[in-house]
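Each chain gets a letter, A, B and so on, in the order the sequences are listed, and its residues count up from 1. All of these numbers come straight from a predicted model, not from anything done at the bench.
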There are 2 protein chains.
Amino acid sequence: MTPLSITQAQMTRDPDQPDDNRPTLAEVARIAGVSEITASRALRGGTHVARATLERVQTAARAINYMPNRLAGTLAGGASRQVAVVLPSLSNSVFSDVLHGLETRLEQAGHHPILGVSNYDPLREERLVSDLLSWRPAGLVLAPAVSTAETRRLLAGSGVPIVEIMDVDPAPIDTTVGLSQRAAGRAMAHYLLGRGYRRLAYAGHDISTDPRALSRLQGLQDGLAEAEVTLAATVLLPGPSSVPLGRDAVGQLLQDCPVGAGHDRLVVCFSNDDMAVGGMFHALSAGLDVPGDLALAGFNGLAIGQALPLPLTTIASRRVEIGELAGAALLARVAGKPVEKVQDVGFRLVIGATT
Amino acid sequence: MTPLSITQAQMTRDPDQPDDNRPTLAEVARIAGVSEITASRALRGGTHVARATLERVQTAARAINYMPNRLAGTLAGGASRQVAVVLPSLSNSVFSDVLHGLETRLEQAGHHPILGVSNYDPLREERLVSDLLSWRPAGLVLAPAVSTAETRRLLAGSGVPIVEIMDVDPAPIDTTVGLSQRAAGRAMAHYLLGRGYRRLAYAGHDISTDPRALSRLQGLQDGLAEAEVTLAATVLLPGPSSVPLGRDAVGQLLQDCPVGAGHDRLVVCFSNDDMAVGGMFHALSAGLDVPGDLALAGFNGLAIGQALPLPLTTIASRRVEIGELAGAALLARVAGKPVEKVQDVGFRLVIGATT
DNA sequence: CTGTTAGCGCGTTCAC
DNA sequence: GTGAACGCGCTAACAG
């Protein structure tokens, strides 16, 4: 042990920090007998470094369990490998599917999502966007709620690639991946009209905060209007979509729209498949014939709808794929490659036994 | 426009970076006419700052749309407000429920999860833990796959609070929140024995990579052994749990275990509710009486199981609550408060119509 | 209450 | 192929 002068001791470590003595690049460099920057180069690509020194550095790093500090690396100019992800909900499997696809694609490139969930609250979304951007991510993926002007300002001024997902109809700030929610609603209208239904109702959750559910409803109405049909009734219940909410909604609906013998057959369109499952429960409890007395149509193609004894008629969205494509688009943008501003993955009408 | 000397130009900004000219704390301070540290204090708590200067700084910050750089803040000594979260899956709603609860609790404290999904791959989990720790998070939440020794070394040596979730039986590295998977399996055994079942089978997904499903199976066998009963048959199919996999598993199972007239009634226990739903489908297609010929028992209490015409007998886990408690435990640890090493939230036997 | 000094750990300049 | 100097943006210590 050679004694250290006070100056050296001060420069190498702070005696007040007994806990946080994680090895730094400087120590790796010292052990390997090279400069910090050479160690840095060796531990990353290994380019512009002699094979011998590369191995010395790697050995030294392993010997002291060196773990790079990406905060410092990113601050010093390296590209961030974090991607901000803001979703409106996780209680609906729609967004966990998207997140699943997104995370898979990001991880392949060594990127990681920082997650925020807005619960469809515009102010919370705004705060999340602000918070997550302050981590200086490489980009941001957003399934927007009803965004505030301030949110859009933050996004536009962030200087990083933005990928909006789920609905390709609104003009994108930067890039968007999804489907046309409005066209999906219209497709359901066309299908139901083609099946001969003329008496339609709508049962939804609180769609005032869910712009995509609202677009689907509008698309449905558009499609009906083309045949000069209007919704016989609409019930909107507060709260997020769920099985019990759908059951309650149908219960209310049937008070205004009697069904059964002596009435035209009624088809209820739901804002989401879980709502439709609830509707099915109500029909079972009330002894209604599905689809004879009451027909049901959902949206999203969730597993729960297909698990029913009568598989649900619905429109399937390609959620995992949307996540994967959003990740790919973001990574391409980060790499400076050109990306289509709008990627429409489409949707698929699933004709079940409930219509 | 006053001409700048070369020295000034070099000190204030780099002409090679036209894009990234986000305002810094230094600019806020300059506009407000204070030092950087005063501006820093004002923009955080506002403590030890005169009310007048506080307002000047805040006004200046808003005027130039200042957004703090948390990378720099954290590197300089501030506590990180990121929490690493490593989950084995997102395709099963079990973990999106947990993530939902966790994110909610973290966000309340201004913390954000950085997410990694291992797909039950030990090596991928190891890489994720390493990657996420290199962001120097305030802590780490982990629903472990079959962890490698290297993973445990990384965790133990990380110096940050670790919360393991889902199963309270393994000895925690630091802290754990969940339920006893083994006790849950045993509880199901006791219930089924109490109902008079003596002929039991097991249908599972690839539980070799899913330690919790394996523990439940062991608990089930433990409970049966107490009554000197053993499983009549076991089918394990590769891949993650899903509805189709459950259907296939029951199909195979019934080749060895005939049911119906002339046979003792059989109850099949599944590794997860979605598998059990698949089993129900097989029963429906084969025209079997449930639970007369074939009884079914799931695990986890997922919505899909309760959405069946016959609600599924299962054991409900409190997933959202586990996430919330894990977040609370982590935040408490970060704040230096004492935390129970093991938090058992228990489980609930749900007696449906399938047994 | 405010400012000065001194870094956090790393990567991007340039040189050699 | 390697290194020196510098700065990323911010905050913890002290000083006053």
Among the nucleotides [options], which one has an atom lying closest to any side-chain atom of [X]?
X: Arg44(B); options: dC8(C), dC10(C), dA12(D); result: dA12(D)
X: Val34(B); options: dT2(D), dG3(C), dT11(D); result: dG3(C)
X: Ala50(B); options: dC1(C), dG9(D), dG11(C); result: dC1(C)
X: Ser35(B); options: dT11(D), dA4(D), dG3(C); result: dG3(C)

Would you kindly give the [atom1]-to-[atom2] distance between [X] and [N], to the nearest whole Å?
X: Leu25(B); N: dA12(D); atom1: CG; atom2: P; answer: 12 Å
X: Asn69(B); N: dC8(C); atom1: CG; atom2: C1'; answer: 13 Å
X: His48(B); N: dG16(D); atom1: NE2; atom2: P; answer: 19 Å
X: Glu36(A); N: dG1(D); atom1: CD; atom2: P; answer: 21 Å
X: Arg56(A); N: dG1(D); atom1: CZ; atom2: C1'; answer: 12 Å
X: Arg81(B); N: dC10(D); atom1: CZ; atom2: P; answer: 16 Å
X: Leu71(A); N: dC8(C); atom1: CG; atom2: C1'; answer: 10 Å
X: Leu75(B); N: dT11(D); atom1: CG; atom2: P; answer: 11 Å

### Glu164(A) (side chain) donor-acceptor with Ile173(A) (main chain) under 3.5 angstrom
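Indeed, once roles are kept as given, a pair shorter than 3.5 Å links the two residues.
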#### Entry: Base dG3(C) to side chain Arg41(B), donor-acceptor N/O within 3.5 Å cut-off
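A donor-acceptor contact between them is present.
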Can you check whether [X] has a side-chain N or O nearer than 4.0 Å to OP1 or OP2 of [N]?
X: Thr74(A); N: dC8(D); value: no
X: Tyr66(A); N: dC10(C); value: yes
X: Thr38(B); N: dG3(C); value: yes
X: Ser40(A); N: dG11(C); value: yes
X: Arg136(A); N: dC10(D); value: no

Measure the spacing between [atom1] of [X] and [atom2] of [Y] and express it to the nearest 0.5 Å.
X: Glu103(A); Y: Leu115(A); atom1: CD; atom2: CG; value: 11.0 Å
X: Trp135(B); Y: Asn69(A); atom1: CH2; atom2: CG; value: 9.0 Å
X: Glu150(B); Y: Asn65(A); atom1: CD; atom2: CG; value: 7.0 Å

### Task
Identify, between Ala72(B) and Ile37(B), the residue whose nearest nucleotide on DNA chain C lies closer to the 5' end.
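By nearest-heavy-atom nucleotide position, the 5'-most residue is Ile37(B).
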### Message
Show the nearest heavy-atom pair for residues Leu71(B) and Leu75(A), with the distance to one decimal.
### Response
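Nearest heavy atoms, Leu71(B) then Leu75(A): CD1-N, 4.5 Å.
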